[in-house]
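First the structure, in the form of structure tokens, and then the observations on it.
What you see is a predicted model, and the numbers here were worked out from it, not measured in a lab. In what follows, chains carry the letters A, B, and so on, assigned in the order in which the sequence lines appear, proteins first and then strands, with residues in each chain numbered from 1. When reading the values below, keep in mind they use all heavy atoms of this one structure, side chains included, and skip hydrogens, waters and symmetry mates.
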Number of protein chains: 2
Amino acid sequence: MLTHAAEDYLKSIYKLQEKGGKVSTGILAEYLDVKPASATGMVKKLKTMKLVRYERYRGVTLTDAGKAIALEIIRHHRLLELYLFTALGVPWDGVHDEAEKLEHVISEDVEARMDEFLGYPTADPHGAPIPDKNGVVTRTASIPMTDLQDGQSCVVAEVSDNDSALLRHIGSFNLYPGTAFSVIEVAPFEGPFTIDIAGQQVVIGREVAKQIFVDKVQDPDNV
Amino acid sequence: MLTHAAEDYLKSIYKLQEKGGKVSTGILAEYLDVKPASATGMVKKLKTMKLVRYERYRGVTLTDAGKAIALEIIRHHRLLELYLFTALGVPWDGVHDEAEKLEHVISEDVEARMDEFLGYPTADPHGAPIPDKNGVVTRTASIPMTDLQDGQSCVVAEVSDNDSALLRHIGSFNLYPGTAFSVIEVAPFEGPFTIDIAGQQVVIGREVAKQIFVDKVQDPDNV
DNA sequence: TATATAATTTAGCCATGCCTAAATTAGTTT
DNA sequence: AAACTAATTTAGGCATGGCTAAATTATATA
């Protein structure tokens, strides 16, 4: 069995691989809030276990075995988030930290029971996809809210889950995944977004908008 | 915050204190499946934290602070057992090992939510009492099944939870806490017990009976 | 009371996973 | 191409919590 630390490293490498391309030990260290030297050390250990590819100064890549473990942990995490949210009513800005601790400890049996209870869901409370038992991720191609133009209608698809204060803020506008809204005006010079949610007019700062991903709704008039 | 290991030691000292009187480092080591030298080392560390009293060769005792932590962990453990059993249908011979891992990791918030969901219960699936948030344990004075005589009627109060094979065995006879039965015959010379459960006649070995605790039911004829 | 036996403690070692500080390598600039 | 800067790696240290082996203390026995 792997240590919790090793699992966290694999999960982080996977997530960083998704976002950008190359994953350096430095980026990894920053993401994990650890000194670069520590990341280098662990990456070497993961290499001996054949869970990552790594040449010094060249960055890290997951092997198939490493990716499988990363996806398993991510599945644990997201199922736990949804379970805590749905079954126990933990607020959505609290589920991440809680799941972060539980994900390394929950058994496959309990996970399967939560999965069944939830009706085999495909997304967590922040809209992130839940990999299935075989590690298959079905991701819908959402776009960042910052790409939207005036007048565009859309639905919230996903929101970054690692900043609890940000989640409370976003939640206060009801911008949960599945919520529809339309852009009234995008202020020029990297300014804020004024949007309409269920008739309410709300101003969303640029930095916040960067953390929100949406699916465009085709304007019926333009079909 | 304490380490998981330290929490396990405190919990074990508490349980051993309950059963017998003096808790030696040797007994503690055996209970935790660790070498005696390791137990001595941890006990010394716990002493510097003022969580135990300890003089070399004299055994260990919990301080009030140590006892409070032990009870908190035990509360986590038993609430988790009952939650897993009730909400997720984990079989009663599986909940112990699962709770053993989760008890160190669950937040007070999630615990409070499980407690509420369960209706503020006072016993886990094995009949062990669940301490309240203030660490108050309300224990009913049950007797070992081995103390029973021919013809005695009683109700299962509690069953040891740490041997999963034993629990499956006991479960196969339906000897769950709350189940009533009467003793048909106790075989002489430390022999097995023949009992009647809901009309079924069942033979229970001495070693198994030692792990079962019961409340006597007053025979109406003898009142 | 002296001694044998059993329990306990001490001393010293190992792996994990973090750290700091120093050395090295890569990449960029002149 | 040389040199400077920034990233990365190496070297060595620390705390945790196990372990073994040797020394010590307690206890029971002769």
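The side chain of A:Lys45 sits closest to C:dT16 out of C:dT9, D:dC19, C:dT16.
Of the N and O atoms on the side chains of B:His169 and B:Asp163, not one donor lies less than 3.5 Å from an acceptor on the other residue. For the residue pair B:Asp124 / B:His77, no side-chain donor-acceptor distance below 3.5 Å is found, with atom types taken as modelled.
Contact between the side-chain N/O atoms of B:Thr3 and the OP1/OP2 oxygens of D:dG17 is found at a separation under 4.0 Å. The side chain of B:Ser24 places an N or O atom within less than 4.0 Å of a non-bridging phosphate oxygen (OP1 or OP2) of C:dT8. When the side-chain nitrogen and oxygen atoms of A:Thr40 are compared with OP1 and OP2 of D:dT10, none of them lie within a distance under 4.0 Å.
Under the 4.0 Å criterion applied to side-chain N and carboxylate O atoms, A:Asp97 and A:Lys101 are not assigned as salt-bridge partners. Comment: B:Glu108 does not engage B:Arg75 in a salt bridge, judged by the lack of any side-chain N to carboxylate O separation of less than 4.0 angstrom. Salt bridge present: A:Glu207 and A:Lys210 bring a charged side-chain N and a carboxylate O closer than 4.0 Å.
Distance, A:Leu46 CG to C:dG17 C1': 12 Å, rounded to whole Å. Atom OH in A:Tyr9 sits roughly 8 Å away from atom C1' in C:dG17 (whole-Å rounding). Going from atom CE of A:Met49 over to atom P of C:dT16 covers 7 Å, rounded to whole Å. Between B:Leu28 atom CG and D:dG17 atom P the separation is 14 Å, expressed in whole Å. The CG atom of B:Leu32 sits 15 Å away from the C1' atom of D:dC19 (whole-angstrom rounding). Per the geometry, NE2 belonging to A:His4 stands 17 Å off C1' belonging to C:dC18, to the nearest Å. Following rounding to the nearest Å, B:Glu30 (CD) and C:dA7 (P) show an atom-to-atom distance of 10 Å. Here C:dA7 presents its C1' atom at 11 Å from OH of B:Tyr54, a figure rounded to the nearest Å.
Looking only at distances, no side-chain donor or acceptor of B:Asn134 sits under 3.5 Å from a matching main-chain atom of B:Val136.
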Under 3.5 Å between N/O atoms: give me all the protein pairs with nucleotides 20-24 of chain C, atom names plus distance.
unit_1	atom_1	unit_2	atom_2	d
C:dT24	O2	A:Tyr57	OH	3.1

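The residue among A:Arg58 and A:Ala6 whose nearest nucleotide of DNA chain C is located toward the 5' end is A:Ala6.
In this pair, B:Tyr83 and A:Tyr83 present their aromatic rings perpendicular. The plane angle is above 60°, beyond the 30 to 60° band.
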